[in-house]
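First listed ligand is number 1; within each ligand, the first listed atom is number 1. Remember, it's a predicted structure, so these values are computed and weren't measured experimentally. We count residues from 1, following the sequence as given.
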Amino acid sequence: MTMKHLVSINELSPKDILRILDRAELFEQDPNRDLLRGRVVATLFFEPSTRTRLSFETAVNRLGGRIIGFSDAATSSSSKGETLKDTISMVGGYADLIIMRHYLEGAARYASEVSRVPIVNAGDGANQHPSQTLLDLYSIRKTQGTLYDRTIVLVGDLKYGRTVHSLLVGMSHFRPRFIFVAPDELRMPQEYLDFCRNHGIPYEETRAFDREVIDRADILYMTRVQRERFVDLEEYERVKNIYELTNDMLSTSRDNLRVLHPLPRVGEIAQDVDDNPKAYFIQQARNGLYTRQSIICEVLGLEVH
Ligand code: CP
């Protein structure tokens with residue numbers, strides 16, 4: 001049997017996605033299941049994280065497994081110049097599964113090629129964040145009752161935001177319509193526009209973030225401008241506060257609209273949105289626990305009943 005990794009959302013069929021979401025529902029009903037007894041999971045985070053690392057580690061703990069790893073690469077031997085290949089080879093000798101976030105695009109793919117244990121991509125540069133996408137899909141299905149025929153408005157940093165790239169691909173199986181809201185500097189990259197065209201997915205691009213756009217949305221997906229990806233920090237300063245969602249902007253939105261954000265937020269969603277029943281980003285992050293439990297079972301081939 002070939003080893004299963006989760007490197008890119010592109011590798012999952014709609015059937016795979018739905019199986020992972022269905023299993024996550026079982027974990028939402030009961031997250032405490034002793035499925036990882038005797039197993040060790042490594043979390044290697046070469047970039048900062050709150051939600052992804054802690055929800056994966058909570059997932060392992062609630063499944064009865066044990067955790068090793070680092071949350072700061074400066075404390076690992078990569079700071080002495082150890083190659084990623086050597087780090088992955090070493091850790092694969094200690095753990096049954098490696099969950100890795102890395103600042104380089106393609107690092108997860110490379111790790112999967114040299115690893116003796118499954119690799120889960122917890123984000124690689126501006127490329128992909130597949131476990132985030134699966135929890136986003138879980139959140140969309142849970143709030144909308146379906147994944148099909150939704151209008152998704154993606155707002156903010158569509159150039160560097162790996163979550164929107166993965167979400168676009170993940171939703172492509174379910175007849176979405178997209179509206180991309182971004183300044184010129186942060187437009188959705190051409191390869192994803194081409195992907196939409198090649199898959200017959202309707203999309204629009206606009207710079208204007210206003211009620212006219214919000215009122216057409218089923219899902220309003222806000223994103224942070226990714227300071228850490230800018231080469232030119234003056235450009236970051238120009239665009240960092242470009243959009244802010246405030247509560248009054250939601251007043252004429254659809255009843256089923258939900259506001260999602262992968263978090264952390266740094267000003268894209270005003271605090272006065274938090275108490276609006278359409279704000280779903282805190283529950284969305286919580287859904288990450290159930291979805292990541294399901295992902296761990298998927299790559300390790302564990303049955304859940
Ligand atoms: N959404 C997300 O990846 O959050 P963290 O960077 O806190 O893990």
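Near Q132, with a cut-off below 4.0 Å to any heavy atom, the atoms of ligand 1 are 1 (N), 2 (C). Against a heavy-atom cut-off of under 4.0 Å, T50 is close to the following atoms of ligand 1: 5 (P), 7 (O), 8 (O). Short contacts between ligand 1 and T52, defined as distances under 4.0 Å to a heavy atom of the residue, involve ligand atoms 2 (C), 3 (O), 4 (O), 5 (P), 8 (O). For ligand 1, the atoms sitting less than 4.0 Å from at least one non-hydrogen atom of L263 are 1 (N), 2 (C), 4 (O), numbered in the order shown with element in parentheses. Ligand-side atoms of ligand 1 in range of P262: 1 (N), 2 (C), range being under 4.0 angstrom from any heavy atom.
Among pairs with a residue in residues 4-43, none fulfils ring pair (Phe, Tyr, Trp, His ring centres under 6.0 Å), at least two apart in sequence or across chains.
At a cut-off of 3.5 Å, with distance as the only test, no side-chain donor of R162 or N127 sits close to an acceptor on the other residue.
Residue P264 has no nitrogen or oxygen atom sitting less than 3.5 Å from a nitrogen or oxygen atom of ligand 1, judged on distance alone.
With sequence neighbours left out, the side chain to side chain donor-acceptor pair (under 3.5 Å) criterion links R175 to D149.
Of all non-hydrogen atoms in V225 and V239, the two that sit nearest each other are CG2-O, 3.8 Å.
A centroid separation of less than 6.0 Å is found between the aromatic rings of F70 and F46. Checked against the 6.0 Å centroid threshold, H261 and Y221 do not count as a close aromatic pair.
Nearest protein heavy-atom contact of atom 6 (O) of ligand 1 is R101 NH1, 2.9 Å.
Contact analysis leaves E47 out of contact with ligand 1, as no non-hydrogen atom separation drops below 4.0 angstrom.
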